[in-house]
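Scroll down for the structure; my scribbles are underneath it.
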Amino acid sequence: MKFVRGGDIAVIGFPIKNKDEIEEVLRSFNIEYILLMNEEERQSFIKKQGGKELLESVLKIISDVRKYKHCVIIGSNMRVKVLSKLLDSQVYTIDIGESPLKNDVYVDPQRVLDIIKTIIE
């Protein structure tokens, strides 16, 4: 079954070891907004911008994600709590460890799939 209303769901996650695999699962359900990073990509995102630019980028991401009815957040315990409070949408979290995470973490694709199926059913 393909989810045809993927525009209702945003997924954010980092640092994810198997981000390509998770992204493939999400794309199979037509999830429109996907922002997944491994640790190297996350560090690059932070380092390539100055403080002002980084703040603007983060605020833009939050603004973009707030447009979705549902948001799945994959990250450390502290990050998922903070992001959950910034969003108006129905938030589903996958806690992948204690903050701060400094290494990529394997995320079980079935956990992500189960949440997506819960949302669309």
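Just so you know, residue 1 is the first one in the sequence shown, and it goes up from there. Keep in mind that the numbers below use all heavy atoms, side chains included, and drop hydrogens, waters and symmetry copies.
The side-chain hydrogen bond (donor to acceptor under 3.5 Å, both in side chains) search around K48 returns none, not counting sequence neighbours. Under the side-chain hydrogen bond (donor to acceptor under 3.5 Å, both in side chains) criterion, R111 pairs with no residue, sequence neighbours left out.
Contact between P109 and V25 at its shortest, heavy atoms only, is CB-CG2, 4.2 Å. When every heavy atom of C71 is checked against every heavy atom of I12, the shortest pair comes out as SG-CD1, 4.5 Å. Nearest heavy atoms, D95 versus S76: OD1-C, 4.2 Å. Nearest heavy atoms, D108 versus I22: C-CD1, 4.4 Å. Looking at every heavy atom in both residues, S89 comes nearest to Y68 through CB-O, 3.0 Å. Here the closest non-hydrogen pair linking S99 and R79 is OG-N, 3.9 Å.
The shortest side-chain heavy-atom distance between K19 and F14 does not fall under the 4.5 Å cut-off. Counting heavy atoms from C-beta outward, V72 and H70 have side chains that stay 4.5 Å or more apart. Side-chain contact check for L35 versus V65: every heavy-atom pair is 4.5 Å or farther apart. When side chains are defined from C-beta on, L87 counts as touching R66, because their heavy atoms get closer than 4.5 Å. Side-chain atoms of L83 and V91, non-hydrogen and from C-beta on, never get closer than 4.5 Å to each other. The side-chain heavy atoms of Y92 and V112, taken from C-beta on, include no pair separated by under 4.5 Å.
Between the S63 side chain and the L59 main chain, no donor and acceptor come within less than 3.5 Å of each other. One N or O on the side chain of N18 and one on the backbone of V107 form a donor-acceptor pair closer than 3.5 Å. With T118 contributing its side chain and D114 its backbone, the two residues share a donor-acceptor pair below 3.5 Å. The backbone N or O of V80 lies less than 3.5 Å from no partner atom in the side chain of T93, so there is not a single donor-acceptor pair. The closest donor-acceptor contact from the side chain of N38 to the backbone of K17 lies at 3.5 Å or more, if one exists at all.
Ion pairing between E39 and R42 holds under the 4.0 Å rule for side-chain N and carboxylate O.
With hydrophobic clusters built from ILVMFWY side chains whose heavy atoms lie under 4.5 angstrom apart, Y106 does not share a cluster with I73.
Within 6.0 Å of the CD atom in Q43, the count of heavy atoms belonging to other residues, nucleotides or ligands exceeds 12. Around CD of E53, the count of heavy atoms belonging to other residues, nucleotides or ligands within 6.0 Å exceeds 12.
Distance check, rounded to the nearest 0.5 Å: CD1 of I96 to CG of L101 gives 5.5 Å.
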